[in-house]
Asker: 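Structure incoming, see below.
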Amino acid sequence: MCVGLSGRVVAIEDDMALVDASGARRKVSAELLDDLEPGDYVMVHAGVAIAKIQPDEETGV
């Protein structure tokens, strides 16, 4: 079973994104997503932002 974490991108620096997931902030790799911007919502797995998601699709945030 794979577990993903959804959250909102707070900041981006180089290929890293600061993601806020229910108040917990984590730095994750943003290398897989070309057009990522602060305010976007992403799905994170194993420390990597793997997909952009719509706010109504994300759960737990």
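What's counted below: heavy atoms across the whole structure, side chains too, no hydrogens, waters or symmetry copies. Everything quoted here is computed from the prediction, not taken from an experiment.
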Asker: Side chains of residues 23-32: which donor-acceptor partners sit under 3.5 Å, not counting sequence neighbours?
Answerer:
unit_1, atom_1, unit_2, atom_2, d
Arg25, NE, Asp20, OD2, 3.4
Ser29, OG, Glu31, N, 3.4

Asker: For the residue pair Val44 and Ile50, establish whether any side-chain heavy-atom pair is separated by less than 4.5 Å.
Answerer: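 In short, these two side chains do not touch, never coming nearer than 4.5 Å.
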
Asker: Hydrophobic clusters join Ile, Leu, Val, Met, Phe, Trp and Tyr when side-chain heavy atoms are under 4.5 Å apart, directly or via other members; which others share one with Met16?
Answerer: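 Members other than Met16 - counting any ILVMFWY side chain reachable under 4.5 Å - there are none.
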
Asker: Supply the atom-to-atom distance Ile12 CD1 to Glu37 CD, rounded to the nearest 0.5 angstrom.
Answerer: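 Answer for the CD1-CD pair, Ile12 versus Glu37, is 7.0 Å.
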
Asker: Pair Leu33, Val42 - check side chain to side chain contact (heavy atoms under 4.5 Å, CB included), show working.
Answerer: CA-CA 10 Å; Leu33 304 176; Val42 293; 4.1 Å; yes

Asker: Would you name the heavy atoms of Ala17 and Val9 that are closest together and state the gap between them?
Answerer: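 Heavy atoms of Ala17 and Val9 come nearest at CB-CG1, 4.3 Å.
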
Asker: With rounding to the nearest 0.5 Å, note down the distance linking CD1 in Ile53 to CZ in Arg8.
Answerer: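 Rounded to the nearest 0.5 Å, the CD1-CZ separation comes out at 12.5 Å.
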
Asker: Are Val48 and Tyr41 connected into the same hydrophobic cluster when the rule is that any two of I, L, V, M, F, W, Y join if their side-chain heavy atoms are below 4.5 Å apart?
Answerer: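 Tyr41 and Val48: one cluster.
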
Asker: Mind checking the CG-CD spacing from Asp40 to Gln54? Nearest 0.5 Å is all I need.
Answerer: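 Output value for this atom pair is 9.0 Å.
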
Asker: Report the residues that fulfil salt bridge (charged side-chain N to carboxylate O under 4.0 Å, His left out) with Asp35, sequence neighbours left out, ordered by chain and then residue number.
Answerer: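 Salt bridge (charged side-chain N to carboxylate O under 4.0 Å, His left out) check on Asp35 returns Lys52.
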
